[in-house]
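Note on naming: letters A, B, ... go to the chains in the order of the sequence lines (proteins, then strands), and numbering restarts at 1 for each one.
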2 protein chains.
Amino acid sequence: MFELDIRSRQPIYEQLVEKMKELIIHEVWKPNEQLPSVRVLAKELTINPNTIQKAYRELEYQGYIYSIPGKGNFVAPQSKAINHEKVEAVKQQLLKLLCEAFYIGITRDDILSLLEEAEQSAGRGDET
Amino acid sequence: MFELDIRSRQPIYEQLVEKMKELIIHEVWKPNEQLPSVRVLAKELTINPNTIQKAYRELEYQGYIYSIPGKGNFVAPQSKAINHEKVEAVKQQLLKLLCEAFYIGITRDDILSLLEEAEQSAGRGDET
DNA sequence: CTGACTGTAATAATAATAGTAGTACAGTTA
DNA sequence: TAACTGTACTACTATTATTATTACAGTCAG
């Protein structure tokens with residue numbers, strides 16, 4: 001399920017956060033679904049449980065999951081991920097990246113295509 | 001000119017790369033303009049010349065500047081920054097970010113506004 | 001040519017961070 | 001009770017970022 005690049009200069013826990021975020025955004029992992037336990041996933045990926053936990057804490061901080069001690073970690077309903085600061089941060093990131101895109105010659109039409117693609121693949125269920 | 005956050009977990013040289021890239025993209029630094037020398041900038045920012053050099057090497061690798069040993073570092077003409085791999089990489093980043101944007105409730109119209117803003121500010125000397 | 005710039009390279013030492021290993025404690029559930 | 005779950009903490013190692021220092025070579029104005 002996860003292909004981690006140990007040799008990458010990007011820390012393992014950051015790679016985990018990115019890939020899990022994708023699974024959540026694309027609703028491969030549905031709201032309130034239970035995530036693999038830190039110990040099970042650590043064993044499966046042959047990495048340390050602490051590293052998984054670090055990724056889970058980061059995902060919780062960003063509003064993508066919530067945890068119930070003793071029970072497990074669960075995908076947060078989308079509403080939890082929506083917070084004004086985060087929205088502004090993503091907008092700013094987006095603006096930067098769009099400027100860069102124009103600079104290196106990506107056209108407005110290219111971007112509109114990507115927009116279509118994103119709109120179709122992103123979780124579109126507007127449930128709770 | 002640069003406000004560096006030493007306390008940030010983001011390495012100084014990465015912060016430099018980001019900020020300089022912005023200056024180049026927004027044509028505050030024009031093509032073929034000479035960048036500050038590694039020693040002068042290091043003294044100005046009270047950091048080590050090696051750290052500046054690392055940032056310059058990264059910018060050169062990404063095609064945003066070129067260097068002439070003995071003379072200095074210079075802003076690359078835009079054509080140098082355009083390389084197929086980079087274009088694809090930025091497109092992929094953009095797609096990911098757009099998906100995330102939709103997920104957290106940013107609307108299509110919001111994004112179209114950002115697109116306008118980017119189109120106007122990229123390469124026209126506007127500030128961020 | 002000299003002197004004062006420029007970039008580049010390399011080494012060594014330090015500081016900060018990522019990752020592992022192990023242990024312990026508490027809540028949940030069958 | 002037993003076997004899960006999350007969380008917290010300490011200690012150790014490996015990696016990386018950053019600094020400090022030195023050295024060498026190209027450029028250019030005097």
The side chain of A/I12 lies closest to which of these nucleotides: C/dT6, D/dT21, C/dG19? C/dG19
Qualifying residues under side chain to side chain contact (heavy atoms under 4.5 Å, CB included), relative to A/K43, sequence neighbours excluded: none
In chain order, what residues pass the side chain to side chain donor-acceptor pair (under 3.5 Å) check against A/E22, with sequence neighbours excluded? B/K96
Specify the residue among B/G72 and A/T46 whose closest nucleotide of DNA chain C lies further upstream toward the 5′ end. B/G72
Scan for salt bridge (charged side-chain N to carboxylate O under 4.0 Å, His left out) pairs involving residues 99-111 of chain A, sequence neighbours excluded, and state none if there are none. A/E100-B/K21, A/E100-B/K86, A/R108-B/E116, A/R108-B/E119
Side chain of A/P11: nearest nucleotide among C/dA21, C/dA24, C/dG19? C/dG19
Please tabulate, one pair per line, each protein N/O and nucleotide N/O from nucleotides 28-30 of chain C that are separated by under 3.5 Å, including the distance.
unit_1 : atom_1 : unit_2 : atom_2 : d
C/dT28 : O4'    : A/G70  : O      : 3.3
C/dT29 : OP1    : A/K71  : NZ     : 3.3

Decide yes or no, distance alone: a donor-acceptor N/O pair under 3.5 angstrom between the base of D/dT5 and the side-chain of A/R39. yes
If you link ILVMFWY side chains whenever their heavy atoms are less than 4.5 Å apart, which other residues fall into the same cluster as B/F74? By chain and number, please. B/Y66, B/I68
Taking A/T51 for the side chain and A/I47 for the main chain, is one N or O donor matched with an acceptor at less than 3.5 Å? no
Whole angstroms only, please: what is the CD-P distance between A/Q53 and C/dG19? 14 Å
Categorize B/Y13 for me: base, sugar-phosphate, or nothing, with a 4.0 angstrom heavy-atom threshold over every strand shown. sugar-phosphate
The residue, B/E60 or A/E14, whose nearest nucleotide of DNA chain C is more 5′ is B/E60
Is there a side-chain contact between B/N73 and the phosphate of C/dT6, meaning an N or O under 4.0 Å from OP1 or OP2? no
Just N and O in the side chain of B/S67: are any of them under 4.0 Å from OP1 or OP2 of C/dG7? no
Between B/E27 and B/Q78: side-chain donor-acceptor atoms closer than 3.5 Å: yes
Answer with base, sugar-phosphate or nothing: what part of the nucleic acid does A/N50 contact at a heavy-atom distance below 4.0 Å? base
Nucleotide of C/dT6, D/dT19, D/dG6 approaching B/I47 most closely (side-chain heavy atoms): D/dT19
What residues form a side chain to side chain donor-acceptor pair (under 3.5 Å) with B/E18, not counting sequence neighbours? B/Q10
Spacing of B/Y56 atom OH relative to C/dA9 atom P, expressed in whole Å: 16 Å
Does D/dT18 have OP1 or OP2 under 4.0 Å away from a side-chain N or O of B/T51? no
Expressed as a whole number of angstroms, how long is the span from B/R57:CZ to C/dA9:P? 7 Å
Report the distance from atom CD of B/Q15 to atom C1' of D/dA17, rounded to the nearest whole Å. 12 Å
